Amino acid sequence: MKKLILIALLAFFAVSSYSFDANLAKKEGKVNLYANITAIEPLVEKFSSDTGVKATYTRISTSKYLATVLTEFSAGKLQADVVQGPLPILNTLKDKGVLKKYDKSFLDGYPDWAKADDYIAAFGIEYVAVIYNKELVKGDDIPKNYMDLINPKWKNKIVMPDPASHATTISWLVGLKENKIFGNDEEWMKFVKGLAANRPMFVKSFSPTPAPVESGEKLLAISMPKYIVTKAPAPLDWVKTDTLLGSPRGIALVEKSTNPNAAEMFLKYWLSENNMRELANKVGEYVLAKNVFPPINEIEKAKVIPIRELTDEETKKWGEEFKTIFYGK
C-alpha cells in the first residue's frame, strides 16, 4: 500500500504544472524545514512516509529566528531548504535575499491576499482568542465579548503574554484598535486600561498561557484556541466572539537550497488541502484552505481577520505605551 501511495504522489507531482522534478526530489532524498510553528512533527513524519523524502524539522523560536537564519545565511551555511514563520520575519528574509520565488499556480481556494507575494505563501492565521476553564467558569460568568474582561471579578484571574515585550500581543492589541472592534479609540483604550487594572499575570509567549487555566490557577487567558485541540482533554473552551484577529503564518523556499526539488515538493505538499486539513485537525491551526476548520466548537462561525504587520519602530513605540499602562510606569 505504501508503495502505491508513493507512486500516486510521484505521478501527481509529475503531471502537475509545478516546476520541480519529483524524481530529482527522490534522489536528493531529504529536506530541512526551519519553523516556529509547534506540534507539527506528525505532519513532517507523514510527508517522509508518503514521499520517501526524509523531512527534518527544526523549531526556532520567533525571538531567535532572524538571528539564526541570517547568521547561517551570511556564513554560507544555511541548513534550511524551506522556512516557515510569521510574515514580518519572512519579509525580512526576502529583503535580505534569502528566499526564492515559488510556483503558486496550484493555490486554488486560497484567498487572493494569501498568494499575492511571489516569494511567501500565507497558509494560516495565528489566531488569538480568550480561552477559559470550562469546569470553573460556567453559565452567565462566561465572558461574551472582549469588554467583559475588564469586569473587576476577573482581577488576578487572567494570564496573557507580556504586552510590553511580546510582539504578537502588541500587534493584537493595536489590531483591536485598527479594526474597530470597540467602535472607537476611546472604547478601545477603556478596554486596555480596564484589562491592565485587572492585573493579569504575564508570561513570555502564548505557549505558557494554557497551563495556568488548565490547572485552575487562573480562569481566563488571552491565548489561542488551538490549545483546545493540542491540550485535549484539558478543560478549555473559548469565548465565542464574532471576530478574532491574528498574525498570518507563511512558508517559503530558500534561494540557495541544497535540495531544491525536495524543497518544492515539500512546499506543495504542505499547502495541499489534505495537509491543511491535518494541520487543522491535529494542531488546531486556523488555515486558509477553503472550508477547512479546526475541530473546535463554533469556530467556523467566527470571522478571523489577518492583522497589519507593525514596523519595528511601531512595535517599540506601542510596547513602551503598554508598559506604561500595564506596569504603571
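Scope of the values below: all heavy atoms of this structure, side chains included, with no hydrogens, waters or symmetry mates. Fair warning: this is a prediction, and the values are worked out from it, not measured in the lab.
Hydrophobic cluster of Leu99: the remaining members, joined at side-chain heavy-atom separations below 4.5 Å, are Tyr34, Ile60, Tyr65, Leu66, Val69, Leu70, Phe73, Leu78, Val83, Leu87, Ile89, Leu90, Leu93, Val98, Tyr119, Ile120, Val254, listed by chain and number.
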Q. Could you go step by step and tell me if Arg277 and Glu273 meet the salt bridge (charged side-chain N to carboxylate O under 4.0 Å, His left out) rule?
A. CA-CA 6 Å; Arg277 200 172 296 283; Glu273 181 179 330; 2.6 Å; yes
Q.
Does Glu41 form a salt bridge (charged side-chain N to carboxylate O under 4.0 Å, His left out) with Arg59? I'd like the steps, not just the answer.
A. CA-CA 10 Å; Glu41 289 86 350; Arg59 167 96 204 305; over 6 Å; no
Q: Please lay out, stage by stage, how Lys226 and Glu285 fare under the test salt bridge (charged side-chain N to carboxylate O under 4.0 Å, His left out).
A: CA-CA 6 Å; Lys226 64 178 287 183; Glu285 289 288 325; 2.8 Å; yes
Q: Check the pair Lys104, Asp118 against side-chain contact (heavy atoms from CB on, under 4.5 Å), reporting the backbone distance first and the verdict last.
A: CA-CA 8 Å; Lys104 51 189 174 183; Asp118 290 335; 2.8 Å; yes
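Taking the six-membered ring for Trp and the full ring otherwise, Phe206 and His166 have centroids separated by under 6.0 Å. Aromatic pair Tyr57/Phe47: centroids not less than 6.0 angstrom apart.
Under 3.5 Å, the side chains of Asn274 and Ser272 contain no donor-acceptor pair of N or O atoms. In this model, no donor atom of one side chain and acceptor atom of the other lie less than 3.5 Å apart for Asn32 and Gln79.
By the 4.5 Å heavy-atom criterion applied to side chains, Lys157 and Leu220 are not counted as neighbours. In this structure, the side chains of Trp318 and Pro163 stay at 4.5 Å or more apart for every pair of heavy atoms. Using a 4.5 Å cut-off on side-chain heavy atoms (C-beta onward), Asn275 and Phe123 make no contact. In this structure the side chain of Glu28 reaches within 4.5 angstrom of the side chain of Pro260, judged on heavy atoms. The side-chain heavy atoms of Ile222 and Val128, taken from C-beta on, include a pair separated by under 4.5 Å.
The aromatic rings of Trp172 and Phe191 lie perpendicular to each other, with more than 60° between the two planes, well past the 30° mark.
Across all their heavy atoms, Thr241 and Ala302 have their closest contact at O-CB, 4.1 Å. When all heavy atoms are compared, the tightest approach of Val53 to Ala262 is CG1-CB, 3.9 Å. Contact detail for Thr230 and Val283: the closest heavy-atom pair is CG2-O, 3.4 Å.
Atom NZ of Lys144 sits in a crowded spot, with more than 12 heavy atoms from other residues, nucleotides or ligands closer than 6.0 Å. Environment of CZ in Arg199: sparse, with no more than 12 heavy atoms of neighbouring residues, nucleotides or ligands closer than 6.0 Å.
Cluster membership check: Leu253 does not share its hydrophobic cluster with Leu24, using side-chain heavy-atom separations under 4.5 Å among Ile, Leu, Val, Met, Phe, Trp and Tyr. Hydrophobic clustering places Met189 together with Leu195 (ILVMFWY residues linked when any side-chain heavy atoms are closer than 4.5 Å, directly or through intermediates).
For the atom pair CD of Glu214 and CG of Leu136, the computed distance is 11.5 Å after rounding to the nearest 0.5 Å. In this structure, Tyr132 OH and Leu219 CG are separated by 12.0 Å, a value rounded to the nearest 0.5 Å. Here the CD-CH2 distance, from Gln84 to Trp270, works out to 6.0 Å after rounding to the nearest 0.5 Å. Note that NZ of Lys115 and OH of Tyr102 are 8.5 Å apart. Values are rounded to the nearest 0.5 Å. Annotation: the span from Lys317 atom NZ to Thr311 atom OG1 amounts to 10.0 Å, rounded to 0.5 Å. Note that CG of Asp81 is 8.5 Å distant from NZ of Lys30, once rounded to the nearest 0.5 Å.
Each of Leu43, Asp50, Val31 was compared with Tyr269 under the side chain to side chain contact (heavy atoms under 4.5 Å, CB included) criterion, and only Asp50 meets it.
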